[in-house]
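The sequence lines fix the lettering, A, B, ..., with proteins before strands; numbering per chain opens at 1. What you see below is based on every heavy atom in this structure, not just the backbone, and it leaves out hydrogens, waters and symmetry mates.
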Amino acid sequence: MPKRYTVTSALPYANGPLHIGHIAGAYLPADIFVRYLRLRGEDVVYVCGSDEYGAAITIKAKKEGTTPKAIIDKYHNIMKSAFERFGIAFDIYHRTSEQIHTETSQAIFLRLHEKGEFEVLESKQYFDEVATQFLADRYIMGTCPKCGNENAYGDQCEKCGSSLSPTDLINPRSTLSGSKPVLKKTKHWYLPMNKYEDWLKEWIVKEKQNTWKTNVYGQCKSWIEGGLQARSMTRDLDWGIPVPLEGAEGKVLYVWLDAPIGYISATREWAKQNGKNWEDYWKSPDTELYHFVGKDNIVFHCIIFPIILKAHGAFILPTNVPANEFLNLEGDKLSTSRNWAVWLHEYLDEFPDKQDVLRYVLGSILPETKDSEFTWKDYQARNNNELVAIFGNFVNRPNNLIFKYNNGIVPPLGELTEYDKSVLAELITYPDKIGDLIKNFRFRDALAEVMNVARLGNKYLADTEPWKIKDNPERVGTIMNISLQIIGNLSILSKPFLPRTAEKLEKMLSLDGKASWDEAKKADLVKVGTTITKIELLFEKIEDDVIEKQIQKLTINNKQLPINNNQETTISNNIKQSQTTNNQQQPTNNQSVVPQKELINYDDFSKLDIRIATILAAEKVAKADKLLKLTLDTGIDTRIVVSGIAEHFKPEEIIGKQITLLANLAPRVIRGIESKGMILTALDGNGKLRFLHPSEAVMNGATVS
RNA sequence: GGCGAGGUAGCUCAGCUGGCUAGAGCGCAGCACUCAUAAUGCUGAGGUCGGGGGUUCGAGCCCCCCCCUCGCUACCA
């Protein structure tokens, strides 16, 4: 009786193309896992799709002067086609903008609503009429009612440490525009996650300690034990799934509610197209659910989404969330904004028919326990020294010998030597060995074992030396038969990892490709009398110039690519951030310059007091990674400015430099330091911050006009 | 800053609840072989396990301090 599995890979966010970091993080491991399960004859559905809502899409659309719909169509198609060409074996690659997803998400939301799982808070929230948006707590400041601190935040006063709500503040002001926010009625639906703490302690902290990866378990445990808070499941936004309730006009579902439900919608669509019952895959307790994600997605798949499923009541929960760490490239983090990446669609264009090479290399370096590193030299070495020399070469040896010695016909086994028997005995241990590794998400080791099968073959030929005993055709025949059996088993065992290569082996041996995994536990796959089809070389050497070209391409900053800071732009935390904050400190590039803002008159400009100042002293602000405390000579005074530039400048390097200062910006207390003004900076094409300073030194206090 | 995960041979990584001379693949050196894409097989040289203390008969694995990397989170007008 086959077991039922539902397997998901994180939905990639539709605002940029896919690179090898995505593949190594969430797609290749899942694909190997799924292909293995299918070979075992299990009943498995593997779903994925584009994640297409969220503020990051609308921001990108604005920047490119187009519509959100155009953005998501563009990237959905690029990603879908790249996945197909690369050979990720989704049963369906869906998208969250489909109608069925809207229905599914709304139905789940309604169910939670009807069950009373939400705390509906109709509150008056501060609304910034200048920025025309509701303000998150942190974006409101005012006077603390307890200690009188004038610079308390909407959620907390840092001076006296008391927790606040924005409406507690006296004289509130928006930190977005500086204007006085008005209270506007808004209603939101909160999921009281704290109600589920006990359950999570039981379900994860107790039960998953030995089965979940340490990185996953550790992060969940720290979240759960740190205490969970109610999280709003709705947002005041215009790009998303409408909240299906009266009085919720203009509100959409929170992306972390909507996006994971995309797995369910995709399954429904697949079931509809294939005459299946989707509920078997999501509601039947004997179904196992696996989410493959990158490490930045852990808490959402392990805590928030399971709470939603649990609150709903009818759904199964993930058996495991085998999150991977990150992949680096040539010693540096992958970065879309700096174009520091190997793009999947470009690889597929530039290395035609080499999908399995990339699968092999990435499979060998999957960041299973820690961040790992892709280099082109390593890619070349693994191709030339492993795929070509060990795997390809082994297959090619009998591929030639069988024609030399037996006209391409598979000869019968003669009497077996003890050595023959030991080789066959070893051969048939591999299916279980490799299968166990796959089941434990140790894909790297599993792939290494597949290579060991080829090594076994090479050693067998070297030890038996059939080319030296041409006068003993029966013995040569036995050796040929056994060598071909090894290739036969290899055609099954390599299938989850190198599907195209496995197909070539099947063609060589006239196998129909229907053999199950367990059939590799015997060594009789290749039948006596079969005519072998001579095949071309499986892998070819990759020369230095090809590799150097790729390395060069990386170092040229060609600035053609879209903005995106995240390595794992899967179900993405940058959406989440964009919905709650406004920190678009993103690098800009040639193709996405921010459009001009609306016109102002001279009076507006003349209100700004911009002048040149010199940095007299600079030091890091304690307990803040990004802040520098600068002492400036402004010509009119010596003052302190706190600036979020610590990641771009070392304090000692900027002392003495002239900078441009917005001098009459209202003072603000940041981390307990009063900051009087704002340093003007610009981002260059590499995402690095630059000061603005006069081309020749000028007097401090010189005004800019 | 808080939390989580890591820092092991030139490179990429294994090392389970502490226990014999710390492992694998690649690279490197030597030897053998020639059916094979100068491929393969055998042998070998490489590590004071991030640094410093401590617990223990015994620590890469446990405890304390420090340094570095990545993620989550806070800070960024």
Q: Would you mind telling me which of B:C35, B:C70, B:G4 lies closest to the side-chain atoms of A:S222?
A: B:G4
**Q.** Pairwise C1' distance, B:C33 and B:A39 [rounded to whole Å]
**A.** 12 Å
(Q) Using the side-chain heavy atoms of A:E465, tell me which of these nucleotides is nearest: B:A36, B:C3, B:C33. (A) B:C33
Q. Nearest to the side chain of A:K468 - B:U34, B:G4, B:U37?
A. B:U34
Q: In whole angstrom, give me the gap between the C1' atoms of B:C62 and B:C57.
A: 16 Å
Q.
From the set B:A77, B:C75, B:G4, return the single nucleotide nearest to any side-chain atom of A:Q219.
A. B:G4
Q.
Using a 4.0 Å heavy-atom cut-off, does A:L401 contact any base of the nucleic acid, only the sugar-phosphate backbone, or nothing at all?
A. base
Q) Between A:T214 and B:G6, is there a side-chain N or O to OP1/OP2 distance below 4.0 Å? A) yes
Q: Could you work out which one of B:C35, B:C76, B:C72 sits closest to the side chain of A:K404?
A: B:C35
Q: Please determine if a side-chain N or O atom of A:K620 lies less than 4.0 Å away from the OP1 or OP2 oxygen of B:G1.
A: no
Q. Which nucleotide sits closest to the side chain of A:I365: B:A77, B:U12, B:C13?
A. B:U12
Q.
In whole Å, measure the gap between the C1' atoms of B:G18 and B:G54 for me.
A. 15 Å
Q. Using the C1' atom in both, what is the distance from B:C49 to B:G60, to the nearest Å?
A. 5 Å
